[in-house]
Amino acid sequence: MKSEPDAYGIDDLERDRMEPWDGIRNYQVRNMIRDDMRIGDQAFFYHSSCKEPGVVGIMKIASEAYPDPTQFDPKSRYFDSKSKEDDPRWLLVDVAFERKLRRTISLREIKANGKLADFVLTKRGNRLSIFPVSGKHWKTILDME
DNA sequence: GCCAACGTTGGC
DNA sequence: GCCAACGTTGGC
């Protein structure tokens, strides 16, 4: 799960312990959090659009998917005037802090690791802010820690 | 700041 | 349904 550390980083989650992962405005991503995520699932926290993009921590999915309140807030940058309260368009899950990695596993290293040649993150045109990680890739990344 | 690669919107 | 225009993401 990607986030820009300037907006919300792993240190913020460590402080808050739990946080609604709001702002998802992509249908593919919405469908994944609705259909594929389960309470207790683990997820990598990835820092994007920053000095050293990479995997920085591990968190746990802490809720079922539920309507993202920011879509109804005209003052929010995520406001969606076309979404109705009785038929919400956008969902989110709560995530809970599990731990920071001992160091950042940078995108540069991930790209350089042959075992991760078929990892979604390194593929051309990958722009989804959330995507599934196979058990094999999960282990490979943790082995790099 | 640049730009590639998408996704979305809306006219037709 | 097509597709051009536009907006966004995110690495560099």
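Convention: sequence-line order gives letters A, B, ...; per-chain numbering from 1. Just so we're clear, the structure is a prediction, and the values are computed from it rather than from any experiment. Because only heavy atoms are used, hydrogens play no part in the values below, and waters and symmetry mates are left out as well, while side chains stay in.
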Using a distance-only test with no angle check, is there a side-chain donor-acceptor pair under 3.5 angstrom linking [X] and [Y]?
X	Y	value
His137(A)	Thr140(A)	no
Thr70(A)	Arg25(A)	yes
Gln71(A)	Ser83(A)	yes
Asp73(A)	Tyr78(A)	no

Atom-pair distance ([atom1] on [X]; [atom2] on [N]), nearest Å:
X	N	atom1	atom2	result
Tyr27(A)	dG7(C)	OH	P	18 Å
Tyr46(A)	dG10(C)	OH	P	8 Å
Arg30(A)	dG7(B)	CZ	P	15 Å
Arg127(A)	dG7(B)	CZ	C1'	6 Å
Asn31(A)	dG7(B)	CG	P	13 Å
Leu128(A)	dC6(B)	CG	P	10 Å
Lys123(A)	dG10(C)	NZ	P	17 Å
Leu121(A)	dC12(C)	CG	P	10 Å

Q. For dG10(C), does either OP1 or OP2 sit under 4.0 Å from a side-chain N or O belonging to Lys2(A)?
A.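 Answer is yes, contact under 4.0 Å.
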Polar-atom pairs under 3.5 Å, protein N or O versus N or O of nucleotides 2-5 of chain C: list them with distances, or write none.
none

Q | No-H, no-angle donor-acceptor pair, Arg25(A) side chain to dT8(C) base, under 3.5 Å | A |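 Side chain to base: no pair present.
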Q.
If you only use heavy atoms from C-beta on, which nucleotide in dG11(C), dG10(B), dG7(B) is closest to the side chain of Lys82(A)?
A.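 Comparing dG11(C), dG10(B), dG7(B) against the side chain of Lys82(A), the answer is dG10(B).
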Q. Do any of residues 111-118 of chain A sit with a heavy atom less than 4.0 Å from DNA chain B, and if so which?
A.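 Within residues 111-118 of chain A, no residue comes under 4.0 Å of DNA chain B.
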Q: Flag the pair Glu98(A) and Arg17(A) as a salt bridge only when some basic side-chain nitrogen lies within less than 4.0 angstrom of an acidic carboxylate oxygen.
A: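 Judged by the 4.0 Å cut-off on N to carboxylate O distance, Glu98(A) and Arg17(A) do not form a salt bridge.
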Q. Side chain of His47(A), backbone of Ile10(A): donor and acceptor closer than 3.5 Å?
A.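 Confirmed, His47(A) side chain pairs with Ile10(A) backbone.
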Q | Check: Asp68(A) side chain, Gly23(A) main-chain N or O, donor-acceptor pair, under 3.5 Å | A |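 Such a contact is found between Asp68(A) side chain and Gly23(A) backbone.
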Q. According to the interplanar angle, ranging from 0 to 90°, do the rings of Tyr8(A) and Phe45(A) count as parallel (below 30°), tilted (30 to 60°) or perpendicular (above 60°)?
A.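 Ring orientation, 0 to 90° scale: parallel.
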(Q) Go through it in stages, so that I can follow the logic: the residues are Arg89(A) and Asp80(A), the test is salt bridge (charged side-chain N to carboxylate O under 4.0 Å, His left out), and I'd like the CA-CA distance, side-chain angles, deciding distance and then a yes or no. (A) CA-CA 9 Å; Arg89(A) 183 179 288 188; Asp80(A) 183 349; 3.3 Å; yes
(Q) Over all strands shown, is Glu4(A) touching base, sugar-phosphate only, or nothing at heavy-atom distances under 4.0 angstrom? (A)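 Here Glu4(A) touches no strand at all.
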